[in-house]
Peer 1: 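Below is one structure. I have some questions about it.
Sequence lines set the chain letters: A, B, ... in the order given, protein chains first and strands last, and positions in each chain run from 1.
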Amino acid sequence: MTAPIRIRAKDKGDFVELKALMKHVMETGNRKDGQTGETVPAHFIQEVVVEAGGEVVARANWGPGVSKNPYLAIAFTGSARGDTVKVSWVDNKGESASETAEIQ
Amino acid sequence: MNHDTGRRAFLKSVLTGTTAGALVGAGILTPGQILAAWPAAAFDSTTRDAALEALYASGVIEESDRVKLDAPDIAENGAVVPIRVETDLEGVESISIIAAENPSPLAAVFELTARSLPSVSTRIKMAMTSDVLIVVKSNGTLFSTQKRVSVTVGGCG
C-alpha cells in the first residue's frame, strides 16, 4: 500500500526544495458514479501545512480543483540536510494525514 | 523593526504559537484547528470574479511580468495540468491559482512565510480550455499573470 504522503526534501545549498505527493481521491462533488448514476460526494484536501524544525514554512488552502493524488512543490530557507520536515493535510470530511522526512 | 522582521514575528505568532505548536506536534490539534479558516466563500464561488472578490475584496490587481507562470499550451488530459509559479517579487504572502472556466474556478491558495521562496508547483484539474490566472500578494499589493491553456479532454468529471 502506498503511503498517504510521500516526501522528498533536498538541501540545494541556499534553500531546501520539498516535493510531496499525497494519496487522495480529490472528488469534486460533480462527478456521477458510472454504475449507480448517483453523484459522488465531494471529498478533497482543504489544507496542507509544511513544517520544518517545528515551524510552519508554508501552507496551502485547496479546493476540489486540485488533481487527484495531489502534488506539491515548494522551497524554503532556514533548514539543512539532516533536519526534519513534516507535511500534513486535512480534508473536508475532517480526515487527516501527516508524514515526516529527513532533508537529504 | 524592518518589515521582514515584523512579518516574520507576526507569522510566527499566528502560525506557530509555542503552545499550539507543541499540541500539533503531539497530534492533539490538527493544523486546521489553529490556522486561518479555509476560505469557503472563495472556493464556493462559481465565477473567477466572484472568487477574486471573496479573496481580495475589491483590491486592485495589477498585471505584472514579474509573475511567471509555467503551464502547458495544450493539456491533453484536463485532469492533470501541471502549474508552476515563480516570482522575483519580495515579501510574497500568497499565491492563488484560478482556472477561469472551471465550475469552481479557485483551485489553490498558497500562503507563504518569511522562510518560503516565492515558488510553488502543483497540478490542477481543468474542465475546458480556459485562462489560468495567477494572483500574487506581495507586501500587501496584488499582481497577476495569466495564460490560456487548451484542454483536449476535460478533467472535472
Side-chain angles (χ1 to χ4, degrees), chain A residues 12 14-22 26-32 34 40 42 44-79 84 86-92 94-98 100, chain B residues 11-12 14-16 18 21-22 24-25 27 30-40 42-45 51 77-82 84 86 94-99 102-127 155-157:
Chain A
K12 296 284 208 177
D14 292 341
F15 61 92
V16 172
E17 180 188 68
L18 178 141
K19 297 177 179 176
L21 203 53
M22 290 155 243
M26 298 302 283
E27 280 291 350
T28 60
N30 299 327
R31 193 175 69 88
K32 286 200 171 27
V40 181
F44 56 94
I45 293 175
Q46 287 189 317
E47 301 185 34
V48 184
V49 179
V50 179
E51 290 163 85
E55 187 178 52
V56 173
V57 292
R59 51 184 305 281
N61 289 317
W62 284 352
V66 170
S67 300
K68 178 181 176 177
N69 295 331
Y71 170 76
L72 160 81
I74 61 155
F76 57 93
T77 58
S79 293
T84 300
K86 181 178 171 188
V87 176
S88 17
W89 58 250
V90 180
D91 70 22
N92 67 318
E95 292 166 4
S96 62
S98 135
T100 58
Chain B
L11 285 164
K12 224 175 164 173
V14 170
L15 297 176
T16 63
T18 318
V24 170
T30 59
Q33 286 172 290
I34 56 158
L35 294 162
W38 185 74
F43 281 105
D44 289 345
S45 297
N77 180 2
V80 187
V81 182
R84 179 182 161 85
E86 265 188 331
S94 71
I95 298 175
S96 301
I97 302 171
I98 297 167
N102 274 2
S104 308
L106 179 62
V109 182
F110 291 86
E111 292 178 1
L112 305 185
T113 69
R115 285 181 63 183
S116 316
L117 301 188
S119 159
V120 300
S121 305
T122 189
R123 298 171 187 149
I124 65 166
K125 299 171 196 164
M126 289 183 68
C156 273

Peer 1: Less than 4.5 Å to any heavy atom of chain B: does that hold for the side chain of A/Ala20, its backbone, both, or neither?
Peer 2: neither
Peer 1: Which value, rounded to the nearest 0.5 Å, describes the distance between B/Ile97 atom CD1 and A/Trp62 atom CH2?
Peer 2: 9.5 Å
Peer 1: To the nearest 0.5 Å, how far apart are OG1 in B/Thr113 and CZ in A/Arg59?
Peer 2: 11.5 Å
Peer 1: Do B/Pro103 and A/Thr28 have side-chain heavy atoms sitting under 4.5 Å apart?
Peer 2: no
Peer 1: Decide side chain to side chain contact (heavy atoms under 4.5 Å, CB included) for B/Phe110 and A/Leu72; before the verdict, give the C-alpha distance in whole Å, the side-chain angles of both, and the deciding distance to 0.1 Å.
Peer 2: CA-CA 10 Å; B/Phe110 291 86; A/Leu72 160 81; 3.2 Å; yes
Peer 1: Enter the distance from B/Ser119:OG to A/Phe15:CZ here, rounded to the nearest 0.5 Å.
Peer 2: 7.5 Å
Peer 1: Pick one of side chain, backbone, both or neither for B/Ser116, based on which atoms fall under 4.5 Å of a heavy atom in chain A.
Peer 2: both
Peer 1: If you take all heavy atoms of A/Leu21 and B/Arg123, which pair is closest and at what distance?
Peer 2: CD1-NH1, 3.9 Å
Peer 1: What part of A/Ser79 is in contact with chain B, defined as an atom under 4.5 angstrom from a non-hydrogen atom: side chain, backbone, both or neither?
Peer 2: both
Peer 1: Specify the closest pair of heavy atoms between B/Lys125 and A/Val66, including all atoms of both residues, with the distance to one decimal.
Peer 2: CE-O, 3.2 Å
Peer 1: Where do A/Val90 and B/Trp38 land on the side chain to side chain contact (heavy atoms under 4.5 Å, CB included) test, with the steps shown first?
Peer 2: CA-CA 11 Å; A/Val90 180; B/Trp38 185 74; over 6 Å; no
Peer 1: Closest approach of A/Asn61 and B/Pro39, non-hydrogen atoms and distance?
Peer 2: ND2-CD, 3.4 Å
Peer 1: Does any heavy atom of chain B fall under 4.5 Å from the side chain of A/Lys19, the backbone, both, or neither of them?
Peer 2: neither
